[in-house]
Amino acid sequence: MDAKRVERWLRQAGRVLLAPRCLVCGEAGVHGQDLCAACTAALPWNHTACPRCALPLAHAALCGACLQRPPPVAATCAVFVYGFALDRLVPRFKFHQDLAAGRLLAELMAQGLVQAERPAALVPVPLHPARLRTRGYDQALELARPVGRALGLPVLSEVLHRRRDTAPQSELDAAARRRNLRGAFAVSSPTALPDHVAVLDDVMTTGATAHAAARALLRAGVKRVDAWVCARAP
């Protein structure tokens, strides 16, 4: 077999062996992503939502809660509503070390945030060091880095710190979530922070985590804080 035929065979074999496969159902991926056509079509994009908290609504308008008590974030961009296939991908990424699922989620986030008003920088919501040692990686940072690269935004990963190892938010009701995160974050930066940043996280349920992070950044002199999340609980 001559060299050209060998090279052609290796390219064909590579396309077969490295072809994307859907991380949800195992079918062939499309558009160069690890998601098939059917699962792509079923993604619950959050197209109409409250601009302040990203709560899914029939029409894009401020929700009653944000009218009555405006949150500390100026805007929230949640790419998806938390449902299929996010309810498969997010837990695998967050709790089962499935970094391929995280890579796919970051790609989808970047696609959904192309039209969002751009902050000057992204600030991933940090884990407490004890939780980081247990998990081995910070899921918000793993999302922020590729999203930042795709959108041309710096990632300020050393600015926001979690001072207390708080209880998991998923185990608490709304009021307890707010109490749990009171004073949980602190900001330390050797240089002046940008006027406009976005805190980035995987999922927003009540917004307590993003709001606590935003308050710490506002106290540190940031003029505007947005929240960017992969998915918003309905």
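None of the values given here were measured: they were computed from a predicted structure.
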Open item on the list: Within the structure provided, determine whether L143 and P124 are in side-chain contact (heavy-atom separation under 4.5 Å).
Closed with: no
Task: Interatomic distance, R103 atom CZ to E142 atom CD [nearest 0.5 angstrom] - done: 11.5 Å
Open item on the list: In this structure, would L200 and F93 fall into the same cluster of hydrophobic residues linked by side-chain contacts under 4.5 Å?
Closed with: yes
Open item on the list: By the definition side chain to side chain contact (heavy atoms under 4.5 Å, CB included), identify the one residue from L122, V123, L160 that meets it with V197.
Closed with: V123
Open item on the list: So L153 and W228, do their side chains get closer than 4.5 Å, heavy atoms only?
Closed with: yes
Open item on the list: If I compare all heavy atoms of A110 with all of V147, which pair ends up nearest, and what's the gap?
Closed with: N-CG2, 4.3 Å
Task: A60 backbone acceptor or donor facing T48 side chain under 3.5 Å - done: no
TODO: Keeping the roles fixed (side chain from H128, backbone from A130), state whether a donor-acceptor pair exists under 3.5 Å.
DONE: yes
Task: Distance, nearest 0.5 Å, that separates OG of S189 from CG of L217 - done: 10.0 Å
Open item on the list: Quick check: do D226 and H196 have side-chain heavy atoms less than 4.5 Å from each other?
Closed with: yes
Open item on the list: Is there a side-chain contact (heavy atoms from CB on, under 4.5 Å) between L127 and Q139? Walk through the geometry before answering.
Closed with: CA-CA 8 Å; L127 290 176; Q139 75 275 0; 3.9 Å; yes
Task: Under 3.5 Å: donor-acceptor pair, side chain of R52, backbone of P71 - done: yes
- [ ] Kindly indicate whether the side chain of V125, heavy atoms from C-beta on, has any atom under 4.5 Å from the side chain of R162.
- [x] yes
Open item on the list: Quick one, P44 and F84 - any side-chain contact, counting heavy atoms below 4.5 Å?
Closed with: no
Open item on the list: Is it the case that atom CD in E158 sees more than 12 heavy atoms from other parts of the structure closer than 6.0 Å?
Closed with: no
Task: pair P20-Q33: side-chain heavy atoms closer than 4.5 Å - done: no
Open item on the list: Strictly by salt bridge (Lys or Arg N to Asp or Glu O under 4.0 Å), give each pair with a member in residues 110-126 just once, sequence neighbours left out.
Closed with: E117-R224
- [ ] Kindly give the heavy-atom pair with the smallest separation between A210 and V73, and that separation in Å.
- [x] O-CG1, 4.3 Å
Open item on the list: I need the C36 SG to R21 CZ distance, nearest 0.5 Å.
Closed with: 9.5 Å
Open item on the list: Quick check: is L113 connected to V81 through a chain of hydrophobic side chains (ILVMFWY, heavy atoms under 4.5 Å apart)?
Closed with: no
TODO: Give me the one residue out of L86, D34, L89, L104 that meets side chain to side chain contact (heavy atoms under 4.5 Å, CB included) with V24.
DONE: L89
Open item on the list: I need the E27 CD to C39 SG distance, nearest 0.5 Å.
Closed with: 8.5 Å
Open item on the list: Are F185 and V199 packed together at the side-chain level, in the sense that at least one heavy-atom pair is separated by less than 4.5 angstrom?
Closed with: no
Open item on the list: Minimum heavy-atom separation for A54 and T76, please, with both atom names.
Closed with: CB-CG2, 3.5 Å
Task: Minimal non-hydrogen separation, H96 against P91, with atom names - done: CD2-O, 3.4 Å
Task: L105 side chain reached by K94 side chain, heavy atoms, under 4.5 Å - done: no
Task: L57 versus C50, closest heavy-atom pair with distance - done: CD1-N, 3.6 Å
Task: Point-to-point distance, once rounded to the nearest 0.5 Å, from CZ of R232 to SG of C77 - done: 13.0 Å
Open item on the list: I'd like to know if M109 and L156 are part of one continuous hydrophobic network [Ile/Leu/Val/Met/Phe/Trp/Tyr, side-chain heavy atoms within less than 4.5 Å].
Closed with: no
Task: hydrophobic_cluster_shared for Y137 and V203, side chain cutoff 4.5 Å - done: yes
Open item on the list: Working to the nearest 0.5 angstrom, can you tell me the gap between R88 CZ and C25 SG?
Closed with: 10.5 Å
Open item on the list: Test of understanding: clusters of I, L, V, M, F, W, Y form through side-chain heavy atoms closer than 4.5 Å, transitively. Do L35 and Y82 belong to the same one?
Closed with: yes
- [ ] Please report the closest heavy-atom contact between L55 and P234, naming both atoms and the distance.
- [x] CD1-C, 4.3 Å
